[in-house]
Q: 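Please see the structure below; I have some questions.
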Amino acid sequence: MADPKGFLNHGRELAKSRPVEERVKDWNEVYVPGSLLPIISKQASRCMDCGIPFCHNGCPLGNLIPEWNDYAYREDWAAASERLHATNNFPEFTGRLCPAPCESACVLGINQPAVTIKNVEVSIIDKAWETGDVAPQIPERLSGKTVAVIGSGPAGLAAAQQLTRAGHTVAVYERADRIGGLLRYGIPEFKMEKRHINRRIEQMRAEGTRFRTGIEIGRDLKATDLKKRYDAVVLAVGATTARDLPVPGRELKGIYQAMEYLPLANKVQEGDYVTTPLSAEGKHVVVIGGGDTGADCVGTAHRQGAASVTQLEIMPRPGEERNAASQPWPTFPMLYKVTSAHEEGGERVYSVSTTHFEGDEDGNVQWLHLTEVEFLDGKLTPKPGSERKIPAQLVTLAMGFTGTDRENGLVEQFGLELDERGNIARDADFRTNVPGVYVAGDAGRGQSLIVWAIAEGRSAARGVDRALTGASELPAPIRPTDRALMV
């Protein structure tokens, strides 16, 4: 194990962030480059090598956290990278983007600040890239079987890499112009620079995975035609149908879904635009939705020079510490989070609901009318006399997603059955009702975390591999019915 007294000798220390006044002027990641490595050995030593490491259960990937903490403590970076990659195809993604349910389940977290598992993870993988310990894993022989993966988010990429390494010929279809799905166009550059995606794509290309961009299955290519070309198809198309806000004034100009707003900012960083067509510069911005996507909109608006930024959330403000009665360890608690975007300014308003929008004579949104709400008889109810309006010249809706896209025809063309929540139904092997067609990620699970997406991709790959060859040595960390440790 790591230092047996590490958790007694060292407190929790996180990665250092660049000053706010500096980082809002660029789109680079917010952390000080290289600030983790000098402290990470001590942070890894805080891992207690518990008899039952509950961090394994907090993470659906089953990451071998005590093992790579020990290697990081000893600065054996090659061994740490090997243990990290044993369960996770893309630790540089999860180490930057995951909200770390593993840390919520850390045994040390019962009465002390948890081990900085995310920071250790990202330190290991960044060091592995630096030292050349990440290399293509080319299969020894080919199976002669072909697989199409539709969607290039974390679930699709994980499934594709696993199946390629198993010897199958895999092609990934992506409707956008670049590979990465929401990793590419939904996650702002300041949270994860896209160079991390690019080098993984090059690794996968070297392993034999093929990529087809700008092709939307259902529109550009019929699902039935695609199925004829391949021995198996994996649907990793996400849950991209955004929840809308059907209130008066929704039709006004200046009101957009978050996934209409964020991708354009990313396209500027890719060099497609000089300036974004949907800029917050000089505008009063309102973000509706208090989750991570909402925070991404907040940080993006700051960098575009918004006059003000207000984030609205219909639910009450969460507590800052775990409530042992309602959210006991090791469940993933709903806590008040201050992200890097929130550190940069703006106002956060809880327990409010939008009643309508008000525009000018040209049809541009100018005001958002809201009311405070409270729980009465188990329902959110408006508070009489609490109505007010706030300036709103750009509004982004970041209220989550309700299911997979039905408009492009993919579901109907395949003849897929949906479950009661509108997700694509599947069996224990991630197989849909259509022979040879599988589903992984948010399309089958519903909106979830990146670690669940990668776990789904890995597990679905095993189901496909077993069907194509009769047996499989690929790992399957989860079942389709598994759920997070939450109350």
Side-chain angles (χ1 to χ4, degrees), residues 1-14 40-76 79-91 94-95 98-125 158 319 321-335 428 445 448-456 458-459 462 473-487:
M1 65 177 293
D3 183 356
K5 295 184 179 180
F7 67 98
L8 298 174
N9 295 331
H10 308 291
R12 179 179 167 100
E13 189 175 356
L14 294 168
I40 212 63
S41 179
K42 289 181 180 179
Q43 291 306 302
S45 78
R46 298 182 70 239
C47 181
M48 302 189 298
D49 192 27
C50 313
I52 300 177
F54 277 81
C55 53
H56 286 193
N57 300 88
C59 177
L61 285 165
N63 282 334
L64 306 173
I65 295 165
E67 294 185 36
W68 41 260
N69 272 332
D70 182 42
Y71 286 124
Y73 164 64
R74 302 175 192 281
E75 299 187 6
D76 187 344
S81 174
E82 186 278 326
R83 289 288 78 195
L84 191 55
H85 281 101
T87 56
N88 187 352
N89 297 72
F90 314 117
T94 54
C98 182
C102 54
E103 294 187 17
S104 298
C106 174
V107 175
L108 183 60
I110 295 175
N111 56 16
Q112 285 194 41
V115 175
T116 57
I117 298 172
K118 268 185 62 171
N119 281 185
V120 177
E121 177 182 25
V122 82
S123 298
I124 294 170
I125 184 56
E321 296 183 359
R322 183 194 293 273
N323 184 318
S326 61
Q327 301 182 88
W329 175 91
T331 60
F332 186 59
M334 301 301 295
L335 300 177
R445 174 170 294 272
S448 191
L449 305 179
I450 183 173
V451 280
W452 282 94
I454 296 174
E456 288 245 345
R458 289 170 67 87
S459 299
R462 177 183 173 88
E473 296 182 357
L474 294 177
I478 61 170
R479 298 164 297 183
T481 53
D482 287 345
R483 291 295 181 265
L485 283 172
M486 300 183 73
V487 174

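Position 1 is the first residue of the sequence, and the numbers go up from there.
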Q: Has Asp482 got a side-chain atom pairing as donor or acceptor with Arg479's backbone, closer than 3.5 angstrom?
A: yes
Q: What pair of heavy atoms forms the shortest contact from Leu64 to Arg83, and how long is it?
A: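 The answer is CD1-NH1, 3.0 Å.
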Q: I'd like to check Ile125 versus Phe90 (side-chain heavy atoms, cut-off strictly below 4.5 Å). Are they in contact?
A: no
Q: What is the minimum heavy-atom distance between Ala80 and Trp68, and which atoms define it?
A: O-CB, 3.8 Å
Q: How far does CE of Met334 sit from OG of Ser326, to the nearest 0.5 angstrom?
A: 11.5 Å
Q: Give me the atom names and distance for the closest heavy-atom approach of Ser104 to Trp329.
A: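 Closest pair (atom of Ser104, atom of Trp329, distance): O-CD1, 3.3 Å.
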Q: Of the non-hydrogen atoms in Ile40 and Ser123, which two are nearest, and what is the gap between them?
A: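 So the two residues come closest at CG1-OG, 3.4 Å.
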Q: Determine whether Gln112 and Met48 make a side-chain contact, defined as any pair of heavy atoms from C-beta on separated by less than 4.5 Å.
A: no
Q: Between the main-chain N or O of Ser81 and the side-chain N or O of His85, is there a donor-acceptor pair closer than 3.5 Å?
A: yes
Q: Do Ile65 and Pro53 make a side-chain contact, defined as non-hydrogen atoms from C-beta onward lying under 4.5 Å apart?
A: no
Q: Decide yes or no for Thr116 and Glu13: does some side-chain heavy atom of the first lie under 4.5 Å from some side-chain heavy atom of the second?
A: no
Q: Test your reading of the model: is there a side-chain donor-acceptor pair from Ser459 to the backbone of Glu456, 3.5 Å cut-off?
A: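 Not a single qualifying donor-acceptor pair exists.
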Q: Counting distance only, does the side-chain N/O of Arg458 pair as donor-acceptor with the main-chain N or O of Leu61 below 3.5 Å?
A: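 The answer is no, because no donor-acceptor pair under 3.5 Å joins these two groups.
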Q: Tell me, do Cys47 and Tyr73 make a side-chain contact under 4.5 Å, heavy atoms counted?
A: no
Q: I'd like to check Cys59 versus Pro477 (side-chain heavy atoms, cut-off strictly below 4.5 Å). Are they in contact?
A: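 No, too far: nothing below the 4.5 Å cut-off.
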Q: What is the minimum heavy-atom distance between Ala114 and Arg46, and which atoms define it?
A: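 For Ala114 versus Arg46, the nearest heavy atoms are O-NH1, 3.1 Å.
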Q: How close do Ala428 and Pro480 get, counting heavy atoms only, and between which atoms?
A: O-CD, 3.6 Å
Q: Distance from Cys50 atom SG to Ile110 atom CD1, nearest 0.5 Å?
A: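 Those atoms lie 8.0 Å apart.
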Q: Short question: side chain of Gln327, backbone of Arg322 - any donor-acceptor pair under 3.5 Å?
A: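 A pair under 3.5 Å: no.
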Q: Nearest 0.5 angstrom please: Cys102 SG to Phe54 CZ, how far?
A: 14.5 Å
Q: Would you say the side chain of Ile478 lies within less than 4.5 Å of the side chain of Arg445, judging by non-hydrogen atoms?
A: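 SC-SC contact between Arg445 and Ile478 confirmed.
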Q: Let me know which of Thr94, Asn63, Asn88 forms a side chain to side chain contact (heavy atoms under 4.5 Å, CB included) with Val451.
A: Thr94
Q: For the atom pair NZ (Lys42) and CG (Asn9), what is the distance rounded to the nearest 0.5 Å?
A: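 Lys42 NZ to Asn9 CG: 9.5 Å, rounded to 0.5 Å.
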Q: Is the closest side-chain heavy-atom distance between Leu84 and Tyr71 below 4.5 Å?
A: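 No; the side chains remain at least 4.5 Å from each other.
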Q: Kindly say whether Lys118 contributes a backbone atom to a donor-acceptor pair with the side chain of Glu103 at under 3.5 angstrom?
A: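 Yes: the side chain of Glu103 pairs with the backbone of Lys118.
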